[in-house]
Amino acid sequence: MGNTLWGMEITADQLSTAFGDTLYMVAISLIFSGLIGLPLGILLVITRKGHILENKWIFNVLNPVINILRSVPFIILLVALIPFTRMIVGSAIGTNAAIVPLIFYAAPYIARLVENSLLEVDKGIIEAAQAMGATTWQIIYRFLIPEGLSSLILTFTTATIGLVGSTAMAGAVGAGGVGDLALAYGYQRFDTMTMVVTVAALVIIVQLLQSTGNFVSKKIRRR
Amino acid sequence: MIEFQNVKKVYQTKKQTVEALKGINLTVEKGDIFGVVGYSGAGKSTLIRLVNLLEHPSDGQVIVGGKDLTKLNPKELRAEKKKIGMIFQHFNLLNSKTVFDNIAMPLVLSGTPSKEIKERVGELLEFVGLSSKARSYPEQLSGGQKQRIGIARALATNPSILLCDEATSALDPQTTSAVLQLLKKINKEYNITILLITHEMSVIREICNKVAVMEGGRVVEQGSVFEVFAKPQTDIAKNFVRTVIHDEIPQSFLKNIGSYIPIIWKINFIGTTSGNPLLSTISKKFDVHLSVLSANISEIQETPFGNLIIEVTGNKQEVDKAYQYIKDEGILVQEVQING
Ligand SMILES: Nc1ncnc2c1ncn2[C@@H]1O[C@H](COP(=O)(O)OP(=O)(O)OP(=O)(O)O)[C@@H](O)[C@H]1O
Ligand SMILES: [Mg+2]
């Protein structure tokens with residue numbers, strides 16, 4: 001097949017496929033966990049005592065459930081969810097199969113981070129919104145989210161980086177990706193060069209994500 | 001315009017029950033600039049927040065523009081809230097939005113077409129004198145400018161009532177004065193009824209026509225500002241008045257009175273700048289001797305408000321006649337007791 005690179009046991013093709021797989025897994029699971037985590041995070045904020053949609057029941061159910069999910073290590077989630085994953089994607093192995101536990105892992109994490117971001121929004125602003133006669137929905141998307149946006153962006157940066165790390169473990173179900181390569185070749189076969197290259201690649205990805213996130217967040221805050 | 005009928009408010013927390021308002025009766029008439037003054041914890045914020053239902057009364061009724069807002073459905077309530085503007089101590093502007101967008105917000109919420117919004121916000125910016133700041137962000141403004149933006153935002157939907165919760169407490173005296181003058185202009189030009197709360201009597205003196213003094217969840221005194229400034233009844237009202245009008249009897253006088261009990265009158269003039277004609281008339285007409293212990297003139301709503309403290313000597317009959325004379329002239333006079 002392709003040529004090996006820099007004395008690694010893997011080919012350039014393998015490396016670029018792994019990159020593609022990582023990006024794919026991170027992107028898809030980020031989208032889904034974001035779609036789940038964002039509303040849950042908002043719900044955690046607005047249903048708490050004294051907030052715009054105070055609701056003891058929703059808050060007292062949601063809060064511990066998220067805590068429990070957050071405390072399960074990813075690798076256990078990965079195994080525990082196998083039957084469910086098989087039901088959803090038809091297989092428990094492969095890139096798509098890894099996305100299901102990744103979503104389960106990231107969604108509650110994102111919910112909690114979103115909650116923290118939105119709690120930073122000054123209560124006075126919500127009060128001003130209520131005084132203006134804003135609807136609950138308007139308060140969320142015209143006041144809470146814009147005011148918390150800068151912080152939310154950092155939240156999603158953190159979540160994305162967390163997902164990059166977790167995809168490495170997803171190699172356990174044959175998910176592929178850069179992390180998988182690092183484990184399979186670098187660690188298990190003592191291919192030092194592969195190890196160095198893949199880890200360097202991961203470091204660069206994470207650095208890029210973090211500085212982009214910081215930049216955008218600051219840009220919003222600075223205005 | 002705003003009527004509190006035996007309003008009570010109880011806060012129930014896990015640890016304790018706080019009776020923040022213990023039966024408030026208060027009427028704010030259309031066109032008033034009604035000031036509520038009181039120390040921290042008196043219940044002022046709770047009171048004002050009941051008007052636009054940021055808090056719900058535990059008992060009693062708050063009638064705003066003839067309606068009990070608690071009886072409305074959410075849609076009607078939102079419509080009523082558009083008729084009540086509110087400004088805050090800490091401005092509560094959105095930091096993520098420009099000055100223009102902040103002022104536009106109430107209009108955006110009610111789905112006003114953008115062309116109309118542009119016109120209205122332009123007008124409002126001009127009214128508060130900040131047209132040049134439309135594209136700035138709140139962070140780039142001074143406190144006084146932020147409050148002007150807060151005011152512009154509160155006026156966007158053409159309300160008939162403006163609520164001000166310690167609107168000038170975060171501002172320096174000069175800026176405070178400018179913001180108060182702006183509130184006065186709003187009251188005059190748009191005939192907007194203003195209910196403001198403050199812990200500073202100087203704010204009341206500067207723009208209010210009526211005042212209520214609150215203490216421990218109750219209104220302990222209320223009336224026209226002239227009435228309360230001239231004749232405060234309660235100790236707390238006296239203390240508040242004293243913070244802006246200095247009418248103490250000089251210590252040196254008190255030290256020298258010895259055992260006799262002097263007759264001391266406090267005379268208030270409203271509108272005229274001096275009490276001299278009155279004093280000379282009295283000493284001509286009656287066989288009394290007057291000496292001025294303290295005299296000062298301050299302004300209440302830009303009207304001179306004179307405060308004169310005089311000692312009167314003479315035989316009782318003449319003194320009583322003189323007292324009656326002043327009263328008959330329609331001038332506020334009261335005897336001052338010296339205790340201790
Ligand atoms: N949400 C709340 N929960 C419990 N107690 C409250 C709440 N809001 C106010 N209180 C209590 O009600 C009383 C009146 O508070 P309020 O804020 O109305 O006073 P205030 O006159 O506005 O004081 P300040 O000048 O400090 O703003 C206080 O004892 C306060 O602790
Ligand atoms: Mg207060």
Side-chain angles (χ1 to χ4, degrees), chain A residues 38 42 45-56 59-60 63 114 116-156 213-223, chain B residues 11-14 45 48-49 51-55 69 72 74-99 101-111 135-140 149-150 153-154 156-157 159 161-165 170:
Chain A
L38 184 63
I42 292 172
V45 172
I46 63 176
T47 59
R48 71 176 45 222
K49 196 166 158 46
H51 220 289
I52 53 173
L53 215 64
E54 179 173 340
N55 187 316
K56 253 200 309 214
F59 184 80
N60 286 340
N63 199 37
V114 165
N116 287 338
S117 292
L118 295 185
L119 283 177
E120 282 169 27
V121 175
D122 186 356
K123 280 213 82 175
I125 284 170
I126 308 300
E127 202 152 86
Q130 288 175 310
M132 284 178 215
T135 61
T136 302
W137 179 237
Q138 285 175 329
I139 294 178
I140 293 169
Y141 84 103
R142 295 238 181 246
F143 294 82
L144 256 186
I145 294 185
E147 282 298 285
L149 193 60
S150 157
S151 176
L152 280 176
I153 285 180
L154 290 180
T155 284
F156 276 93
N214 288 349
F215 176 77
V216 176
S217 167
K218 217 177 237 164
K219 182 116 192 178
I220 288 173
R221 191 156 287 181
R222 271 286 159 75
R223 294 192 308 187
Chain B
Y11 288 110
Q12 194 80 51
T13 57
K14 267 187 195 133
S45 294
I48 203 166
R49 291 157 57 85
V51 178
N52 59 355
L53 283 198
L54 287 178
E55 291 308 340
L69 300 193
L72 303 179
K75 198 168 166 228
E76 292 169 328
L77 177 60
R78 282 198 295 278
E80 284 307 312
K81 281 187 175 178
K82 309 230 147 103
K83 301 184 200 161
I84 310 171
M86 188 170 195
I87 56 174
F88 305 86
Q89 178 172 6
H90 299 294
F91 325 121
N92 298 353
L93 301 174
L94 281 92
N95 290 316
S96 58
K97 302 228 184 286
T98 60
V99 162
D101 289 336
N102 265 288
I103 300 175
M105 187 55 93
L107 301 168
V108 170
L109 294 180
S110 43
R135 294 283 144 228
S136 305
Y137 284 87
E139 272 180 358
Q140 300 158 337
I149 301 305
R153 178 175 72 174
T157 49
I161 295 173
L162 182 64
L163 306 175
C164 313
D165 186 346

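Because only heavy atoms are used, hydrogens play no part in the values below, and waters and symmetry mates are left out as well, while side chains stay in. Lettering of chains follows the sequences in order, A, B, ..., and the numbering in each one begins at 1. Remember, it's a predicted structure, so these values are computed and weren't measured experimentally.
Residues Pro146(A) and Lys97(B) come closest through the heavy atom pair CB-NZ, 3.7 Å. Minimum interatomic distance between Phe88(B) and Ala131(A) (heavy atoms only, all atoms of both residues): CZ-CB, 4.3 Å. Between Gly124(A) and Asn92(B), the shortest heavy-atom distance links the atoms O-ND2, 2.9 Å.
Within the model, atoms CZ of Phe91(B) and CG of Asp122(A) stand 12.0 Å from one another, a figure rounded to the nearest 0.5 Å. With rounding to the nearest 0.5 angstrom, the CD1 atom of Ile125(A) is 7.5 Å from the OG atom of Ser96(B).
Annotation: residues 149-156 of chain A contacts chain B through no residue [non-hydrogen atoms, separation under 4.5 Å]. Of all residues in residues 132-140 of chain A, those placing a non-hydrogen atom less than 4.5 angstrom from a non-hydrogen atom of chain B are Met132(A), Gly133(A), Ala134(A), Thr135(A), Gln138(A).
At least one donor-acceptor pair closer than 3.5 Å links the side chain of Glu147(A) to the backbone N or O of Asn95(B).
Contact of Leu54(B) with chain A is made through the side chain alone, with heavy-atom distances under 4.5 Å. Looking at Ile87(B), there are no atoms closer than 4.5 Å to chain A (heavy atoms on both sides), in backbone or side chain.
Between Met86(B) and Glu127(A) there is no side-chain heavy-atom pair separated by less than 4.5 Å.
Note on Lys82(B), Arg78(B), Glu80(B): by heavy-atom pairs under 4.5 Å with chain A, the leading option is Arg78(B).
Applying the side-chain hydrogen bond (donor to acceptor under 3.5 Å, both in side chains) rule to Arg48(A) yields the partners Glu115(A); only residues at least two apart in sequence or on another chain are considered. Scored by the side-chain hydrogen bond (donor to acceptor under 3.5 Å, both in side chains) test, Gln89(B) finds no partners at all (sequence neighbours excluded).
No more than 12 heavy atoms of other residues, nucleotides or ligands shown are found within 6.0 angstrom of CZ on Phe215(A).
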